[in-house]
Amino acid sequence: MSTTVKIGLIGFGRIGKIHFNNIQQRIPEGEIIIVSDPVADFSGISVAVGSVDDVISHPDVEAVILCSPTDTHADYVEKAALSGKHIFCEKPLDLSLERIIRTLELVDETGVKLMLGFNRRFDANFLKIKNLVNNGDIGEPQLVKVTSRDPGPPPLSYLKESGGMFLDMTIHDFDMARYIMGKEVKQVYASAAVFWGEEIKAAEDIDTAVITLKFEDDSMAVIDNSRKAVYGYDQRLEVFGSKGMVNVDNNKPDNHFFYNEKGVHSALPLHFFLERYTESYLSEMREFISALQNDKPVSVGGEDALKATLIALAAKKSVQENRPVTIEEIKESLGISI
Ligand SMILES: NC(=O)c1ccc[n+]([C@@H]2O[C@H](COP(=O)([O-])OP(=O)(O)OC[C@H]3O[C@@H](n4cnc5c(N)ncnc54)[C@H](O)[C@@H]3O)[C@@H](O)[C@H]2O)c1
């Protein structure tokens with residue numbers, strides 16, 4: 001690996017631009033040398049532009065970052081792995097468990113590193129909770145509460161290709177629950193509704209859900225989701241245990257409280273993921289590039305993608321059939337043993 005890791009970026013939309021700017025401006029150990037996107041505006045970008053194949057087969061590219069739409073991820077991960085390139089792939093890896101398994105087998109065979117974009121693991125608030133839980137400060141963790149609400153739903157075009165709320169949005173929360181507890185989920189019970197209109201119904205999706213997860217040792221998680229919170233991006237986490245409780249509130253642009261005869265007022269939460277998780281995107285990318293330079297394992301990879309997808313599929317089935325669904329049942333229905 002060269003001193004500066006040479007990188008190709010595929011997909012220059014919302015998240016692609018975040019990774020691009022972080023690497024070019026804030027991570028001197030990495031350098032993006034080529035980008036690909038069929039429609040993006042590259043004016044002002046001083047790196048090569050080419051097709052997906054140009055990026056993956058570029059002789060100087062050591063790693064690729066995949067930020068194209070979800071339905072391209074597995075194909076591009078496989079192509080990149082076969083070309084011997086290390087991979088950072090945005091979540092989710094794919095919507096089909098069978099495809100994820102096939103893709104991960106291929107990645108294993110080629111020996112390249114694969115990191116998944118579960119960026120919230122790198123957020124300072126959630127890391128603080130993770131460390132307190134790991135140190136035993138709250139005793140045996142019994143309950144996790146994840147509040148995860150977006151300020152507004154994405155456009156219909158995105159919704160249609162997203163795989164639905166559980167696989168697209170809640171997948172972060174499923175990963176967070178597993179990560180914080182350090183345990184595997186055995187059962188999922190989910191209830192869902194549509195409150196925010198025809199586009200979401202047209203995409204056969206949902207916009208509001210409550211999901212309960214039961215872990216192997218009967219500890220639990222409750223996740224509540226909405227695609228539209230009128231006050232902005234609501235990202236809170238709480239863990240309750242035998243010796244105490246820890247929680248984190250939303251991040252705001254400032255900390256002021258204004259008191260008057262009507263009440264106490266403060267700023268709204270940071271508006272959406274680009275603002276709220278800015279530093280976590282930087283930290284995850286620093287870890288990826290450092291893992292390549294030092295030949296170290298990445299901390300979040302294919303197995304995490306697979307486990308979160310299993311939970312999402314169980315949640316989908318739970319809503320459809322209005323009953324608790326075990327992870328074992330999902331594995332059996334797909335004939336897989338992992
Ligand atoms: N980790 C996170 O917080 C996070 C946040 C947002 C999106 N994502 C994930 O990132 C992916 C992209 O999401 P987004 O919000 O940036 O979408 P987006 O629509 O803003 O950007 C996607 C870009 O990919 C381009 N594209 C389309 N087909 C392509 C192809 N075949 N090859 C190369 N580029 C192609 C599009 O032109 C577009 O510019 C999705 O899988 C999404 O789930 C992750």
Side-chain angles (χ1 to χ4, degrees), residues 8-22 32 34-43 45 48-58 61 64-80 87-96 99-100 103 115-123 126 148-176 179 203 205 225 227 233 235 270-285 287-288 300-301 304-305 308-309 312:
L9 178 93
I10 296 176
F12 197 62
R14 295 185 301 177
I15 199 73
K17 286 182 183 136
I18 293 275
H19 293 315
F20 182 89
N21 289 330
N22 277 341
I32 292 177
I34 181 166
V35 291
S36 177
D37 189 303
V39 299
D41 176 7
F42 289 113
S43 48
I45 300 297
V49 176
S51 67
V52 169
D53 285 338
D54 292 337
V55 171
I56 291 176
S57 63
H58 193 295
V61 164
V64 293
I65 296 179
L66 301 178
C67 305
S68 44
T70 297
D71 61 355
T72 63
H73 291 178
D75 278 349
Y76 295 168
V77 166
E78 290 177 4
K79 277 188 177 194
I87 304 151
F88 178 96
C89 180
E90 266 309 335
K91 48 57 56 178
L93 178 50
D94 195 72
L95 305 177
S96 141
R99 182 67 196 273
I100 292 178
T103 303
M115 180 159 168
L116 255 290
F118 286 128
N119 59 295
R120 295 183 193 178
R121 291 183 177 216
F122 297 82
D123 176 73
F126 302 153
S148 179
R149 304 174 191 147
D150 283 358
L156 183 60
S157 55
Y158 180 97
L159 284 172
K160 278 183 172 161
E161 289 176 8
S162 69
M165 193 176 82
F166 290 144
L167 281 152
D168 178 55
M169 173 178 159
T170 326
I171 196 113
H172 277 295
D173 309 315
F174 296 140
D175 181 66
M176 184 53 62
Y179 172 65
D205 206 349
N225 288 145
R227 281 283 197 189
Y233 200 33
Q235 300 284 293
L270 287 170
H271 183 64
F272 206 4
F273 62 91
L274 299 179
E275 297 86 7
R276 168 65 183 83
Y277 288 117
T278 314
E279 293 305 308
S280 71
Y281 294 123
L282 180 66
S283 299
E284 67 176 353
M285 201 49 72
E287 180 190 293
F288 178 60
V300 48
D304 301 299
T309 307

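Counting convention: from 1, in listed order, for ligands and their atoms alike.
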- Query: Nearest protein heavy atom to atom 40 (C) of ligand 1, by residue and atom, and its distance?
  - Reply: Thr70 OG1, 3.7 Å
- Task: Would you check the N or O atoms of Thr72, main chain and side chain alike, for any that come under 3.5 Å of an N or O of ligand 1?
- Result: no
- Message: Counting non-hydrogen protein atoms only, what is the nearest one to atom 23 (C) of ligand 1? Give residue, atom name and distance.
- Response: Asp37 OD2, 3.4 Å
- Closest to atom 33 (C) of ligand 1 among protein heavy atoms sits Ile10 CG2, 3.5 Å
- Only residue of Phe118, Tyr277, Phe88 satisfying side chain to side chain contact (heavy atoms under 4.5 Å, CB included) with Glu284 is Phe88
- Quick note on ligand 1: atoms under 4.0 Å from a heavy atom of His73 include exactly 41 (O)
- Query: Can you tell me if Tyr281 has a non-hydrogen atom under 4.0 Å from ligand 1?
  - Reply: yes
- Message: Please list, in number order, the atoms of ligand 1 under 4.0 Å from a heavy atom of Val52.
- Response: 32 (N)
- Message: Give the atom numbers and elements of ligand 1 that come within less than 4.0 Å of a heavy atom of Phe12.
- Response: 39 (O)
- Item | Top protein contact for atom 9 (C) of ligand 1, by heavy-atom distance | Lys91 O, 3.4 Å
- Task: Please report the closest heavy-atom contact between His73 and Leu66, naming both atoms and the distance.
- Result: O-CD1, 3.9 Å
- Task: Could you tell me which atoms of ligand 1, counted from 1 in the order shown, lie closer than 4.0 angstrom to a heavy atom of Tyr76?
- Result: 30 (C), 31 (N), 32 (N)
- Message: Test of understanding: given a 4.0 Å heavy-atom threshold, classify the contact between Asn119 and ligand 1 as side chain, backbone, both, or neither.
- Response: side chain
- Item | side chain to side chain contact (heavy atoms under 4.5 Å, CB included) between Phe122 and Val300, intermediate numbers included | CA-CA 10 Å; Phe122 297 82; Val300 48; 3.9 Å; yes
- Query: Touching ligand 1 at all, Lys17? Heavy atoms, strictly under 4.0 Å?
  - Reply: no
- Item | Residue pair Ile34, Val49: steps toward the side chain to side chain contact (heavy atoms under 4.5 Å, CB included) verdict | CA-CA 6 Å; Ile34 181 166; Val49 176; over 6 Å; no
- Nearest heavy-atom approach of Ile15 to Cys67 is CG2-CB, 3.7 Å
- Near Phe273 (heavy-atom distance under 4.0 Å), the atoms of ligand 1 are 5 (C), 6 (C)
- Determine, considering heavy atoms only, which of Pro69, Ser36, Ser68 sits nearest to atom 28 (N) of ligand 1. Pro69
- Message: Distance under 4.0 Å to a non-hydrogen atom of His172: what atoms of ligand 1 satisfy this?
- Response: 1 (N), 2 (C), 3 (O)
- At a 4.0 Å cut-off, with the gap strictly under it, does some heavy atom of Arg120 reach an atom of ligand 1? no
- Query: What's the shortest heavy-atom distance between Tyr76 and Ile56, and which atoms?
  - Reply: O-CD1, 4.0 Å
- Item | Stepwise salt bridge (Lys or Arg N to Asp or Glu O under 4.0 Å) check, Lys160 with Asp205 | CA-CA 8 Å; Lys160 278 183 172 161; Asp205 206 349; over 6 Å; no
- Any idea how Phe273 and Tyr281 line up, ring-wise: parallel (<30°), tilted (30 to 60°), or perpendicular (>60°)? perpendicular
- Task: Would you please say whether a donor-acceptor pair under 3.5 Å links the side chains of Ser280 and Asn119?
- Result: yes
- All pairs passing side chain to side chain donor-acceptor pair (under 3.5 Å) where residues 8-19 contributes a residue, at least two apart: His19-Glu90
- Note on the structure: of all protein heavy atoms, closest to atom 19 (O) of ligand 1 is Tyr158 CD1, 4.8 Å
- Query: Does any non-hydrogen side-chain atom of Asp150 lie less than 4.5 Å from one of Pro153?
  - Reply: no
- Give a yes-or-no answer on whether the side chains of Arg120 and Gln235 include a donor-acceptor pair shorter than 3.5 Å. yes
- Flag atom 21 (O) of ligand 1 as yes if some protein heavy-atom distance to it falls below 4.0 Å, otherwise no. yes
- Task: List the closest protein heavy-atom neighbour of atom 1 (N) of ligand 1: residue, atom name, distance to the nearest 0.1 Å.
- Result: Glu90 OE1, 2.8 Å
- Can you list the atoms of ligand 1 that are under 4.0 Å from a heavy atom of Asp168? 43 (O)
- Distance to 0.1 Å, residue and atom name: give those for the protein heavy atom nearest to atom 14 (P) of ligand 1. Arg14 NE, 4.0 Å
- Message: Which of the numbered atoms in ligand 1 are under 4.0 angstrom from any heavy atom belonging to Gly117?
- Response: 1 (N)
- Message: Counting non-hydrogen protein atoms only, what is the nearest one to atom 10 (O) of ligand 1? Give residue, atom name and distance.
- Response: Ile15 CG2, 3.3 Å
- Donor-acceptor pair between Ser51 and Asp53 side chains, under 3.5 angstrom: no
- Closest heavy-atom approach to atom 12 (C) of ligand 1 among Ser51, Pro38, Cys67 is made by Cys67
- For Asp304 and Gly301, indicate whether the former's side chain and the latter's backbone hold a donor-acceptor pair under 3.5 Å. yes
- Query: So is Gly16 polar-close to ligand 1, meaning N/O to N/O under 3.5 Å?
  - Reply: no
For residues 162-171, which side-chain donor-acceptor pairs fall under 3.5 Å, sequence neighbours excluded?
unit_1 : atom_1 : unit_2 : atom_2 : d
Ser162 : OG     : Leu159 : O      : 2.8
Ser162 : OG     : Gly164 : N      : 3.2
Asp168 : OD1    : Tyr158 : OH     : 2.8
Asp168 : OD2    : Arg227 : NH2    : 3.1
Thr170 : OG1    : Met165 : O      : 3.3
Thr170 : OG1    : Asn225 : OD1    : 2.8

